Amino acid sequence: MQEAPLQTTHSTTLHQLPQVQEQRNDGMPLDLDWVMAVQANTSAIERRAATLPSRRSVKKDYQAAWLCKAISLIDLTTLSGDDSEGRVRRLCAKARQPVRADILENLGMTGLTTGAVCVYHDMVETAVDALQGSGIPVAAVSTGFPAGLSPFHLRIAEIGESVKAGAEEIDIVISRRHVLTGNWQALYDEMKEMRAACGDAHVKAILATGELGTLRNVARASLVCMMAGADFIKTSTGKEPVNATLPVTLTMIRAIRDYQERTGIKVGYKPAGGISKAKDALVYLSMIKDELGDRWLQPDLFRFGASSLLGDIERQLEHHVTGAYSASWRHAIG
């Protein structure tokens, strides 16, 4: 991670929007031999993950460039029971202008936006209206989020309603019981039907990895969801006791790499929940660069599911420009 993917001295910078550049993952027939052959060496994965925070270091202009890259990969999210139209519109305004204008101008990063805005179905139309003309897509959490235990026909209907309302991305939750009981055919069939219900909207399969028990289950669930046509695999709803972790991320992105090597199709990755510090974002980006390569450092193949992360990144960028840290309340999200 020694070279910065963005220059911080451009007079004009194109913002990083999630335009589809790769062939979409249409999936493949369920290959149970491949699924059952998948293992996960937990101790080796944990040892590798433990070294990551100390293996890469970027400073000064390079760090600022990587943090701007991280902003372009954020799904700016509000998933609270007290969400209101006003809060969602403020969030969308933040997505359009994620960092104070004078800071971005100083960095040569005018026009920078977040990757998407993620909301409950009820707020999709509000978000679509607020983001009109920006090119920023709206993602909707669906299928009985976060537990995924509502009747299946209602989960499918919910996807259709969110697509009809203008969501270009659908974050679905899988039935954890299929993984915990090893019913891979049921997981495949469920994912395939959800993918079909999304139509042209891209689908992110949330595995809720903190509830799957083992890294082997995480690896196998990742593979089955990709076989069924998931465009992204995502760690968590953000509502579980344990959300995105480095060992889980390593397990999932290696499954993505194996799938790409076998099929030629690139599938996206989204860690969500618990990533709130700029330094953590840099660790995740360095891991993606090392394990999957630079192509995955684009918003059509990588996203952070986060909100508080943006506030900390903005503080770091202000410090880079001015030499002083500001209070976190000066960088409110919504």
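Just so we're clear, the structure is a prediction, and the values are computed from it rather than from any experiment. All values below come from the heavy atoms of this structure, side chains included, with hydrogens, waters and symmetry mates left out. We count residues from 1, following the sequence as given.
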Participant: So does E105 get a backbone contact from the side chain of T110, meaning a donor-acceptor N/O pair under 3.5 Å?
Facilitator: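 Not confirmed, T110 side chain does not pair with E105 backbone.
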Participant: If you look at every heavy atom in R195 and D26, which pair is closest and at what distance?
Facilitator: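 Smallest interatomic distance, heavy atoms only, reads NH2-OD1, 3.1 Å.
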Participant: Considering residues at least two apart in sequence or located in another chain, which fulfil the side chain to side chain contact (heavy atoms under 4.5 Å, CB included) criterion with D129?
Facilitator: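 Once residues adjacent in sequence are excluded, the partners of D129 under the side chain to side chain contact (heavy atoms under 4.5 Å, CB included) criterion are R89, Q132.
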Participant: How many angstroms lie between atom CG of L207 and atom OG of S222, to the nearest 0.5 angstrom?
Facilitator: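 One gets 4.5 Å once the value is rounded to the nearest 0.5 Å.
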Participant: So, for T114 and I74, which heavy atoms are closest and what is the spacing to 0.1 Å?
Facilitator: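 The answer is CB-O, 3.5 Å.
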Participant: I'd like to know if the side chain of R303 and the backbone of K234 have a donor-acceptor N/O pair within less than 3.5 Å.
Facilitator: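 Here the side-chain-to-backbone pair does not exist.
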Participant: I need the I103 CD1 to H320 NE2 distance, nearest 0.5 Å.
Facilitator: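 NE2 of H320 is found 10.5 Å from CD1 of I103.
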Participant: Apply side chain to side chain contact (heavy atoms under 4.5 Å, CB included) to A44 and list each qualifying residue two or more places apart in sequence or on a separate chain.
Facilitator: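 Partners of A44 under the side chain to side chain contact (heavy atoms under 4.5 Å, CB included) test: N41, R47.
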Participant: Tell me, do S134 and T113 make a side-chain contact under 4.5 Å, heavy atoms counted?
Facilitator: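 Not in contact.
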Participant: Taking the side chain as every heavy atom from C-beta outward, state whether R295 and Q260 have any atom pair closer than 4.5 Å.
Facilitator: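 Heavy-atom side-chain distance check fails, nothing below 4.5 Å.
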Participant: Between D294 and K289, does at least one N-O distance fall below 4.0 Å, as a salt bridge requires?
Facilitator: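 Judged by the 4.0 Å cut-off on N to carboxylate O distance, D294 and K289 do form a salt bridge.
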Participant: Hydrophobic cluster membership, with links at side-chain heavy-atom distances under 4.5 Å among I/L/V/M/F/W/Y: are Y269 and I275 in one?
Facilitator: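 Linked within one cluster.
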Participant: Would the number of heavy atoms belonging to other residues, nucleotides or ligands and lying under 6.0 Å from CG of D122 be above 12?
Facilitator: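 No, because the 6.0 Å sphere around CG of D122 holds 12 heavy atoms or fewer from other groups.
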Participant: Quick check: do W296 and I256 have side-chain heavy atoms less than 4.5 Å from each other?
Facilitator: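 A side-chain contact exists here, since the closest heavy-atom pair is under 4.5 Å.
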Participant: Checking T263 now: which residues fulfil side chain to side chain contact (heavy atoms under 4.5 Å, CB included) with it, not counting sequence neighbours?
Facilitator: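 Residues passing side chain to side chain contact (heavy atoms under 4.5 Å, CB included) with T263: M28, Y259, I265.
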Participant: Distance from L223 atom CG to D31 atom CG, nearest 0.5 Å?
Facilitator: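 Here the rounded value is 8.0 Å.
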Participant: Report the C-alpha distance between K266 and R257 in whole Å, list the side-chain angles of each, state the deciding distance to 0.1 Å, and finish with yes or no for side chain to side chain contact (heavy atoms under 4.5 Å, CB included).
Facilitator: CA-CA 8 Å; K266 295 179 175 66; R257 187 174 64 195; over 6 Å; no
Participant: Given the rule in the side chain to side chain contact (heavy atoms under 4.5 Å, CB included) test, do S175 and L187 qualify, once you have shown the distances and angles that lead to the verdict?
Facilitator: CA-CA 7 Å; S175 298; L187 177 62; 6.0 Å; no
Participant: Would you mind reporting whether D258 and E261 have side-chain heavy atoms less than 4.5 Å apart?
Facilitator: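 E261 vs D258: side chains touch.
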Participant: Charged N to carboxylate O below 4.0 Å: is that the case for E161 and K164?
Facilitator: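 Looking at K164 together with E161, the answer is yes, because their closest N to O distance falls below 4.0 Å.
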Participant: Under 4.0 Å between a Lys/Arg side-chain N and an Asp/Glu carboxylate O for K270 and E169?
Facilitator: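 No salt bridge links K270 with E169.
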Participant: Just wondering, do K192 and L30 contact through their side chains at under 4.5 Å, heavy atoms?
Facilitator: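 They are not in side-chain contact.
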Participant: For residues R87 and S80, determine if any side-chain heavy atom of one lies less than 4.5 Å from a side-chain heavy atom of the other.
Facilitator: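 Sidechains of S80 and R87: in contact.
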Participant: Mind running side chain to side chain contact (heavy atoms under 4.5 Å, CB included) on M109 and V99 for me, showing each step along the way?
Facilitator: CA-CA 10 Å; M109 293 298 297; V99 178; over 6 Å; no
Participant: Is any side-chain heavy atom of P53 closer than 4.5 Å to one of L246?
Facilitator: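 SC-SC contact between L246 and P53 confirmed.
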Participant: Would you call R254-E291 a salt bridge at under 4.0 Å N-O?
Facilitator: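 Salt bridge flag = yes for E291 with R254.
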Participant: Is there a continuous path of hydrophobic side-chain contacts, each under 4.5 Å between heavy atoms, that joins V88 to V141?
Facilitator: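 Unlinked, V88 and V141 end up in two clusters.
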Participant: Nearest 0.5 Å, please: how far is CG in L73 from CG in L309?
Facilitator: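 Answer rounded to 0.5 Å: 10.0 Å.
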Participant: Decide yes or no for R262 and M226: does some side-chain heavy atom of the first lie under 4.5 Å from some side-chain heavy atom of the second?
Facilitator: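 No. Closest side-chain heavy atoms not under 4.5 Å.
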Participant: For D231 and A201, work out which heavy atoms get closest and say how close.
Facilitator: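 Nearest pair, atom of D231 first, then A201: OD2-O, 4.4 Å.
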Participant: If you count every heavy atom of other residues, nucleotides or ligands that lies below 6.0 Å from E211 atom CD, does the total exceed 12?
Facilitator: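 It does: E211 CD has more than 12 such atoms within range.
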Participant: Heavy atoms only: give me the nearest K239-P146 pair and the separation to one decimal.
Facilitator: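 So the minimum-distance heavy-atom pair works out to CG-CB, 3.8 Å.
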Participant: Given the rule that I, L, V, M, F, W and Y join up when any side-chain heavy atoms are under 4.5 Å apart, are V248 and V242 in one cluster?
Facilitator: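 No; V242 is not reachable from V248 via cluster members.
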Participant: What are the two closest non-hydrogen atoms of V267 and A230, and how far apart are they?
Facilitator: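 Looking at all heavy atoms of both residues, the closest pair is CG1-O, 3.8 Å.
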Participant: If we ignore hydrogens and angles and just use 3.5 Å, is the side chain of T235 paired with the main-chain N or O of A272 as donor and acceptor?
Facilitator: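 A pair under 3.5 Å: yes.
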Participant: When hydrophobic residues are tied together by side-chain contacts of less than 4.5 Å, even through go-betweens, does I206 share a cluster with V203?
Facilitator: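 Shared cluster, no.
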Participant: Do V173 and L212 land in one hydrophobic cluster if side-chain heavy atoms of ILVMFWY residues count as linked below 4.5 Å?
Facilitator: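 No, separate clusters.
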Participant: Mind jotting down which residue pairs meet the ring-ring contact (aromatic ring centres under 6.0 Å, His included) criterion with at least one end in residues 121-160? Sequence neighbours excluded, please.
Facilitator: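 Listed once each, the pairs are Y120-F145.
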Participant: To the nearest 0.5 Å, what is the distance between CG on N183 and CD on E190?
Facilitator: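 Reported to 0.5 Å precision, the distance equals 10.0 Å.
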Participant: Taking the basic N atoms (NZ, or NE/NH1/NH2) and the acidic carboxylate oxygens, is any pair closer than 4.0 Å for D300 and R24?
Facilitator: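 Answer for the salt bridge query: no.
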Participant: Look only at the side chain of R155 and the backbone of S142, and say whether a donor-acceptor pair between them is shorter than 3.5 Å.
Facilitator: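 Side chain of R155 to backbone of S142, a donor-acceptor pair under 3.5 Å: no, none is there.
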Participant: Take M252 and T209 through the side chain to side chain contact (heavy atoms under 4.5 Å, CB included) test and state the conclusion after the steps.
Facilitator: CA-CA 10 Å; M252 293 177 71; T209 54; 3.9 Å; yes
Participant: Which atom pair, heavy atoms only, marks the closest approach of A140 to A167?
Facilitator: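 That would be CB-CB, 4.0 Å.
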Participant: Under the ring pair (Phe, Tyr, Trp, His ring centres under 6.0 Å) rule, collect the residues that match up with F232, sequence neighbours excluded.
Facilitator: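 Ring pair (Phe, Tyr, Trp, His ring centres under 6.0 Å) check on F232 returns nothing, list empty.
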Participant: How about T78 and R90: does a side-chain donor come under 3.5 Å of a side-chain acceptor?
Facilitator: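 T78 vs R90: no donor-acceptor pair found between side chains.
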Participant: How long is the gap from CG on L297 to CD1 on I288, to the nearest 0.5 Å?
Facilitator: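 If we round to the nearest 0.5 Å, L297:CG and I288:CD1 are 7.0 Å apart.
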Participant: Distance-only criterion, 3.5 Å: show the donor-acceptor pairs between side-chain atoms of residues 278-285 and protein atoms not counting sequence neighbours.
Facilitator:
none

